[in-house]
Number of protein chains: 2
Amino acid sequence: MPAATTLRISPTLAAGADNSGPAFSPLYQQIKTLMTRSLQAGVWRPGEAIPSETELAARFKVSQGTVRKAIDALATDNLLVRRQGKGTFVATHTEEKTSLLRFLRIRANDGRDEPHVSRLLDVRRSKATADIARLLELKPGDPVIVLRRVLEHAGAPTVLDEIVLPATLFKGLTKAKVDAYRGSMYSFFETQFGVRMLRAQEKLRAIAADAAGARMLNVAPGTPLLAVERVTFTYGDRPVEWRRGLCVTQHHHYFNELG
Amino acid sequence: MPAATTLRISPTLAAGADNSGPAFSPLYQQIKTLMTRSLQAGVWRPGEAIPSETELAARFKVSQGTVRKAIDALATDNLLVRRQGKGTFVATHTEEKTSLLRFLRIRANDGRDEPHVSRLLDVRRSKATADIARLLELKPGDPVIVLRRVLEHAGAPTVLDEIVLPATLFKGLTKAKVDAYRGSMYSFFETQFGVRMLRAQEKLRAIAADAAGARMLNVAPGTPLLAVERVTFTYGDRPVEWRRGLCVTQHHHYFNELG
DNA sequence: CAGTGGTCTAGACCACATC
DNA sequence: ATGTGGTCTAGACCACTGG
């Protein structure tokens, strides 16, 4: 029986140096923090099942209902996936249509769901600009890896992506390795580098296509394009990816749901 | 003590004619449906407190924990707002920064949060086009009300909105009444017409400004604009608003969070 | 069949807001 | 002090999956 010291109703346990008072943290929240650590540390690996609720309850010395609340929270954060009768699994970008498509918001105007094809243009090493450094919490000049690719829907190029990654986290990433990999970009990052994309912030603008972009996307220069800038975060809200997509929105659009 | 017949574990009670089998529906789900009806019927009015959990538990003849699960679900749907120590309240567009801003995704590039000003251009009666009829579940030619307005941030026009409403739901809506009202558009709809906007779907595209739009927004014709098309739904997923916003994205952007 | 998650209960106690 | 929502427990039973 592993250690798993449960600290019980001890106040001031919330993550981060919170010096703003007692800050009562409920038990299930503490359990959630402990479980998040197991996920981050790779004790429970993507796609695998975690221990059952009763097992975890015994381990943490709390009731099954309390473990349940912690798991519920992790499931709504998309870190875990519950499957009745089977178990609770670590979410992954590798399988599952739902997880995979969570970050892809481009749809065809007619509902048709033609699969998109990714064509990698180039991979090069570079240095972080001031802007990138700020967004990725690096120092200006820190080494980064820049990928460029085109997404094609129904044979026509629709999205031109530029992806910037901190080189320290993605050592050994080459064009050959990306080309050899079958699956989505985030699945590639997850399985090959252990970097899991959990959450993202996007800013959308309309811009005019410049000469180079127009050529890649096979449109006239000056064509309005949807510019989607994204910062993606992993555990602990650490930013680990910046990307900008330029989308031709003649036959496609960016879809969003406001709950 | 009101009626409130609880049907208990009786299968096939889910909303809609579901002929796909037994379709077990848990108790808390049934309670949620009953409570949604009270909200829709106006038994509990926007801004007011609903009965306490123990009160509702007695009324529905279930345990407090079951009522709690129903309320939890309604709270995550943004229909109710819980306030510890005070009670549970019906969500409203009239107060509350959070509820109000849920549907406004335009932000200034620098984080500054200048309040926007809405300038109503005109209100006119019209007939639903085929497209509008399809999206609002009307018949082509059904009467609609069309509002046009400009949103100004820091004195400069940034968004040109066109809003289409089914005339039957908004009888008596005139420019004078909108101008007289202090508050957001959705607060106006809620208080003056009892139409509550709960959920929306948006499609975003980049387009070039035409002559008329360019004039209203004080930009050159052909300037890339962010076109945001929205269909807004009320209870029972009934569409009750279509709108299109044309946004100048020089100093602003559309913000989105991917969970 | 056994094992998993999902629901429901009854009761105890805590934290917060108000009087 | 009282009433509200928030947490936690222990136990029973139901629904789903797979051997």
Side-chain angles (χ1 to χ4, degrees), chain A residues 6-14 18 20-35 44 47-76 79-91, chain B residues 6-14 18 20-35 44 47-76 79-91:
Chain A
T6 310
L7 291 134
R8 295 271 168 179
I9 306 290
S10 75
T12 47
L13 182 63
D18 178 24
S20 66
F24 160 77
S25 168
L27 241 191
Y28 75 86
Q29 182 56 265
Q30 303 178 31
I31 305 288
K32 184 188 174 194
T33 302
L34 291 176
M35 292 181 67
W44 303 323
E48 289 179 0
I50 69 170
S52 74
E53 296 183 354
T54 49
E55 157 77 21
L56 288 170
R59 214 183 272 194
F60 291 129
K61 299 225 178 68
V62 299
S63 82
Q64 181 258 357
T66 299
V67 167
R68 188 169 181 76
K69 277 202 80 169
I71 295 180
D72 279 343
L74 290 166
T76 49
L79 293 187
L80 297 177
V81 178
R82 320 192 75 137
R83 280 200 258 273
Q84 180 169 167
K86 301 179 70 174
T88 301
F89 298 78
V90 182
Chain B
T6 311
L7 292 136
R8 297 271 165 176
I9 305 289
S10 74
T12 47
L13 180 63
D18 179 24
S20 66
F24 160 75
S25 167
L27 241 191
Y28 75 86
Q29 182 55 266
Q30 303 178 32
I31 305 287
K32 184 188 174 192
T33 302
L34 292 175
M35 292 181 68
W44 302 323
E48 288 178 2
I50 69 170
S52 74
E53 295 182 354
T54 48
E55 158 77 24
L56 288 170
R59 214 183 270 192
F60 292 128
K61 298 226 178 66
V62 299
S63 82
Q64 180 258 358
T66 301
V67 167
R68 187 168 182 77
K69 277 202 80 169
I71 294 180
D72 279 342
L74 289 166
T76 48
L79 293 187
L80 296 178
V81 179
R82 319 193 76 140
R83 281 200 255 275
Q84 179 169 165
K86 300 178 71 173
T88 302
F89 298 79
V90 182

Rounded off to whole Å, could you give me the [atom1]-to-[atom2] distance for the [X] and [N] pair?
X	N	atom1	atom2	answer
F60(B)	dC8(C)	CZ	P	14 Å
F24(A)	dC14(C)	CZ	P	10 Å
R68(A)	dT7(D)	CZ	C1'	16 Å
D72(B)	dT7(D)	CG	C1'	12 Å
R82(B)	dA17(C)	CZ	P	15 Å
K69(A)	dC8(C)	NZ	C1'	16 Å
F89(A)	dG18(D)	CZ	C1'	12 Å
Q64(A)	dA10(D)	CD	C1'	10 Å

(request) Dump the intermediate steps for side-chain contact (heavy atoms from CB on, under 4.5 Å) on I50(B) and M35(B), then the final yes or no. (result) CA-CA 10 Å; I50(B) 69 170; M35(B) 292 181 68; 3.8 Å; yes
(message) Can you see if the side chain of Y28(B) gets near the phosphate of dT7(C) - specifically, an N or O under 4.0 Å from OP1 or OP2?
(response) yes
Atom pairs and distances, donor-acceptor, side-chain atoms in residues 66-76 of chain B, under 3.5 Å, two or more places apart:
from	atom 1	to	atom 2	distance (Å)
T66(B)	OG1	S63(B)	OG	3.4
R68(B)	NH1	E53(B)	OE1	3.3
R68(B)	NH1	E53(B)	OE2	2.7
D72(B)	OD1	R82(B)	NH1	2.4
T76(B)	OG1	D72(B)	O	3.2
T76(B)	OG1	A73(B)	O	2.8

(request) Just do the side-chain contact (heavy atoms from CB on, under 4.5 Å) check on F60(B) and Q30(B) with the steps written out, would you? (result) CA-CA 10 Å; F60(B) 292 128; Q30(B) 303 178 32; over 6 Å; no
(request) Output the single nucleotide from dT9(C), dG5(C), dA10(D) whose closest atom is nearest the side chain of T66(B). (result) dT9(C)
(request) Can you measure from OG1 (T54(A)) to CZ (R59(A)) and round to the nearest 0.5 angstrom? (result) 11.0 Å
(message) According to side-chain contact (heavy atoms from CB on, under 4.5 Å), who are the partners of Q29(A), at least two apart in sequence or on a separate chain?
(response) S25(A), P26(A), K32(A), T33(A)
Pick out the pairs of N or O atoms, protein on one side and nucleotides 1-4 of chain C on the other, that lie under 3.5 Å.
from	atom 1	to	atom 2	distance (Å)
dG3(C)	N2	G85(A)	O	2.9

(message) Show the nearest heavy-atom pair for residues P51(A) and L56(A), with the distance to one decimal.
(response) O-CD1, 3.6 Å
